[in-house]
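Contents: one structure, followed by commentary.
Each chain gets a letter, A, B and so on, in the order its sequence line appears, and its residues count up from 1.
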Amino acid sequence: MADVYLNNKFVGTVENPQEFRQSLIEERRKGAIDKNMNVYHNADSNEVWIENSKGRVRRPLIVVKYGQPLLTDKHIQQLQKNEINWSDLVNQGVAEYLDAMEEENALVAFYEHELTKDHTHLEVSPIAMLGLISSLVPFSNHAPAARINAGSKTQKQAQGIYAANYAVRMDMDVNILHTPQKPIVNTIMHELSDYNNHPAGQNVVVAIMSYKGYNMEDAIIINKGSVDRGFARSTYYRPSLAEELRYAGGLTDEISVPDKEIKGYRSEKDYRLLEADGIIYPEAQIAESDVIIGKTSPPRFLSGADEYSLTSNVRRESSLAAAHGEQGIIDFVTVTESEEGNKLVQVRVRDQRIPEIGDKFTSRHGQKGVVGLIVSESDMPFTSSGIVPDLIFSPHSLPTRMTISHLLELLAGKVGALSGRYVDGTTFSSEPEEKLRQELLSLGFRENGVETMYNGETGEQMEARIFIGDMYYMKLKHMVANKIHSRARGPIQLLTRQPTEGRAKEGGLRLGEMEKDTFVSHGASMLLKERFDSDKTLVPVCENCGMFAIHNEYKKKSYCPMCGDNVEISYVEIAYAFKLMLDELKALGIYPKLMLRTKY
Amino acid sequence: MTDEIFKEYEEKLPKLIIDEIKANLPEKADAAKVRKILEAVHAEYEKSKLDAGECVGLLSAQSIGEQGTQATLDTFHFSGVSEMNVTMGLPRIIEILDARKTISTPMMEIYLNAPYNQKENVKKQALLVKEIKLKDVATEFLVNIADMIIKVDIDEQKLKDLDLTLANLSKTLSKAMKSLKIKQDTVSIIAKLEDKDANLNSLYKLKEKLKETHISGIKGVTQVLPVKRGSEYIVLTAGSNLKAVLALEWVDKERTTSNDIYEIAATLGIEAARETIIDELLKVIKAQGLKIDIRHLMIISDTMCVSGAIKGITRYGVVNEKSSVLARASFETPIKHIMRASLVGEEDKLHSVIENVMLNQVVPLGTGMPVLKAKKKE
């Protein structure tokens, strides 16, 4: 007697659960029960779980009966001739989808030759257990799963050509790699997914060695010569957008070169690139604070009385300008209408990005790193045949991460580059390492891929032989030019008088709660105070009522709004944020009284 | 002669250290040498003392916190028989420091008195401690919908092992489930639901309830495991009920412990709870292979227990005890604290760290401690 649950609800019992499960599955394969039904028998608790709810992840498998797959040669011929397709196979019950629960009852073979009479299913292909991106990692059966995950995650951030019509698109934060290449070492998925028609990386010569410590901690060294020849060069596109918004009272924004009388007028120099229509011209070279689209807005808070006064009736400057640290060339200008029928101007800025120190690169094995040094070609180590690596990868990145696939790709890439062919690195069915080694030997190289190398600066032969070969490297979308930031003095927030936050606002770096604690536990009280002085203020405090008094600099006198001017008023240095908090408490009806005392 | 010198230092050094020196003193050490030794020890002792204004609490927090980042978040599962599955690592540390009322894996270490702590006896004693539910002695629960009856087949061998009979089993059952009519068969017990609105679902729920009915042993002890410790055998349990275990005469009351701090406090007192907090923290730290000075744990355990009741490092516990309104408000639920302070007109003397940081004043610690005292000219 086994309990039966349908979608987590108890519905009854059955005498023979195994038989019951099998008959349900047969009915499903016949088509009598919906294909989305899955059934699972838990032998431990003797329960049968039937599921047909949504949200279950299911995967396809070929049905096996009496040790023979139901998929026959005839099916394959029909598939090849396009007479049937995949869903026909599912409808015929040749293939079916299992959810995580039903999979527990199944015994699945990877290959046809492994089948025994106990098997219930056959894998379509071993790489079916990987996702699309994961199967783009060559030799991934030779690396830990965590690294393959990391590898597929970083591959998604690679620069390439994301859409063929990128030139007429106005997308945010776009990177286009100038000369993408097909990977020499590929997998079956590169062909199937059309990856080869829009690749996102380049084949480079990689040497695995240390170089003066500049590739410590996952950094990489790149060759200045390769950079000059166009390695990993890309273009960054950023659109700016301005719309002539309409306001109450028939007032609108106006896209034009702003008038000098306008409130917040920048400087003539900033507007110099604008044409008569207030929009910048294509191919203009822009730098920080240059205006891209000139725009003015009607004055804020327009009330009836103000309408006739001259002073407040000036328009506001609201132009779009290049942000702090931004530079580039105007690439594309469009003038259209928005959905509401307002005039809409879009300007795209292009900036060529040559690889520099701090740009992020990755191989396909989760071995991402940042450029630590760009070495001139003459100083790079070279092999006896004169090969100079494009990139130097640190050997310390390998032992703990155990990405053997990284090494295999290097070897396979070398074979491919030397013999002028593509190498198959598909997971579980790649070209065998032994064969690649033999081929490398026959090409006149050491079969293990190492070569004698010479110091590029002194010409001395290196003591160790260096593992050198070809790999597919990708430039990731994280580039220093978009991230570099520093500040000594700068803007502060209006409300708290503390420094602004974030790169876009030229903000400060926060000395946070935990950083504060380190100062405290060192007993460095004075230094701590100095660090937090960014919003210090001197406030007059009435000694009588303990509230903030008023200081009139013009009349050179101080008085308390509650107790008058016949009271002692002292000046106290506190954080502005604290003053603000006391004000907010007052607004809540709480009386925060300051009781002053001589410090010394 | 040497005794006089020791007497001299009794004021300057703790008794424990003096006793240790005395015990380790070589036979023929003369007075001059003893004096030299004591001088050196005294200098070392003075050096190891904390300076005024040392920020001990925060240092403890950092010393544990930094090491904690190294600790793996994993709960280790000990497969096999030798150990029990206990919450370890970071989750356990959080549990202890928060002073959780219900911990995720309560556990006891039961030490047994002399004849019982031997290999041949320990198994039987362990079984007496274990809580037995009806499902543990039953082979099958059969639901008869037509008669609204649940028939429970009993494994007689298991019953025998537990020194129970079918008769007293049905007695305990009818005591526990008053709404049922319990009948006894040869090898089974029949429970009839005396309710007119009874349906399949309620009968089914009843079956689940019956399965969990307590029959014998100590409540809360779900698992027992005899383990060898040194030359004797002890019983490890999953689930804790210290009071009931200590009532058993064959249990060594001096060494038997639990990992449930509240239970220790309730049965053995707050000082025992303080020790338990330190011990339990040390256990986790040692298992992770970390090194944290015991004095950091002591200061934390002390602050958790000073009030006489266990207070967690939470807004309801230790933080709630702070004298400064601003300090309390800066740590979770500020509105609550500010409202309460404004109602009674609380005064903040700005004696501690956070308050002064908030005001951008010098923190009264370390270099912020010394102040200039000068007479005001009249």
Side-chain angles (χ1 to χ4, degrees), chain A residues 1-3 5 9-13 45-46 497-498 511-539 546 572-582 584-586 588-600, chain B residues 51-63 65-66 140-143 145 200-201 204-205 207-208 325-326 329-331 334-335 338-343 345-350 352-376:
Chain A
M1 283 276 265
D3 293 348
Y5 295 82
K9 278 219 175 84
F10 177 71
V11 285
T13 55
S45 59
N46 201 25
R497 298 201 188 166
Q498 287 171 358
L511 186 104
E513 187 96 21
M514 294 177 86
E515 289 77 12
K516 172 212 76 184
D517 287 349
T518 62
F519 282 59
V520 175
S521 60
H522 270 91
S525 306
M526 296 305 183
L527 179 59
L528 178 71
K529 182 178 181 303
E530 192 179 281
R531 286 286 91 196
F532 283 139
D533 265 355
S534 64
D535 66 337
K536 74 170 171 193
T537 41
L538 207 61
V539 285
V572 182
E573 188 193 282
I574 53 166
Y576 187 81
F578 185 69
K579 188 233 155 209
L580 185 73
M581 193 186 82
L582 295 188
E584 284 182 3
L585 289 179
K586 284 176 208 161
L588 288 169
I590 297 169
Y591 173 19
K593 185 178 180 180
L594 294 174
M595 287 181 287
L596 304 186
R597 173 170 67 81
T598 328
K599 228 174 183 180
Y600 306 111
Chain B
D51 293 324
E54 191 79 84
C55 188
V56 281
L58 189 45
L59 277 172
S60 295
Q62 287 180 335
S63 302
E66 198 275 338
E140 195 160 20
F141 289 79
L142 287 168
V143 180
I145 304 166
L200 173 63
N201 250 339
Y204 191 78
K205 269 183 196 150
K207 176 187 143 192
E208 294 302 314
V325 200
L326 293 175
S330 76
F331 180 90
I335 295 168
I338 288 170
M339 292 230 298
R340 200 183 282 170
S342 66
L343 284 176
E346 231 178 284
E347 195 178 317
D348 196 320
K349 298 264 189 200
L350 306 182
S352 191
V353 179
I354 318 243
E355 307 94 282
N356 283 294
V357 170
M358 285 171 84
L359 266 81
N360 192 22
Q361 300 281 331
V362 172
V363 173
L365 279 168
T367 53
M369 284 279 282
V371 286
L372 192 66
K373 288 255 177 190
K375 258 187 203 149
K376 209 173 173 184

*asked:* Just so I know, are the side chains of A/Lys516 and B/Ile354 near enough to count as touching, which here means a heavy-atom distance under 4.5 Å?
replied: yes
*Examine whether an atom of B/Val362 lies under 4.5 Å from a heavy atom of chain A, and if so say whether it belongs to the side chain, the backbone or both; otherwise answer neither.*
both
_Heavy-atom closest contact (B/Asn360 atom, A/Ile574 atom, distance)_ = CB-C, 4.4 Å
_A/Glu530 atom CD: more than 12 heavy-atom contacts under 6.0 Å_ = no
*chain B heavy atoms under 4.5 Å from A/Tyr591: which part of the residue, side chain, backbone, both or neither?*
neither
*Would a 4.5 Å heavy-atom cut-off, applied to side chains only, mark B/Leu326 and A/Met581 as touching?*
yes
*With no hydrogens and no angle check, is any side-chain donor or acceptor of B/Thr367 less than 3.5 Å from a backbone partner on A/Ser525?*
yes
*Under 4.5 Å heavy-atom distance to chain A, tell me which part of B/Gln361 shows up: side chain, backbone, both or neither.*
both
*Answer yes or no: is there a side-chain heavy-atom contact under 4.5 Å between B/Met339 and A/Leu588?*
no
_Residue part contacting chain A, namely of B/Leu343, when any heavy atom lies under 4.5 Å_ = neither
*Does B/Glu208 CD have over 12 foreign heavy atoms under 6.0 Å away?*
yes
*Which value, rounded to the nearest 0.5 Å, describes the distance between B/Lys349 atom NZ and A/Met595 atom CE?*
6.5 Å
*Please state whether the side chain, the backbone, both or neither of A/Thr13 comes within less than 4.5 Å of a heavy atom of chain B.*
neither
*A/Leu527 versus chain B, heavy atoms under 4.5 Å apart: side chain, backbone, both or neither?*
neither
*Residue-level interface, residues 531-539 of chain A with chain B, non-hydrogen cut-off under 4.5 Å*: A/Phe532, A/Asp533, A/Lys536
*Report the distance from atom CE of A/Met514 to atom CD of B/Gln62, rounding to the nearest 0.5 Å.*
8.0 Å
*Interatomic distance, B/Leu359 atom CG to A/Leu594 atom CG [nearest 0.5 angstrom]*: 7.5 Å
*Is A/Ser521 reaching over with its side chain to a backbone N or O of B/Leu59, donor-acceptor style, under 3.5 angstrom?*
no
*Kindly state each residue pair satisfying salt bridge (charged side-chain N to carboxylate O under 4.0 Å, His left out) with at least one member in residues 572-582 of chain A, sequence neighbours excluded.*
A/Lys529-A/Glu573, A/Lys579-A/Asp583
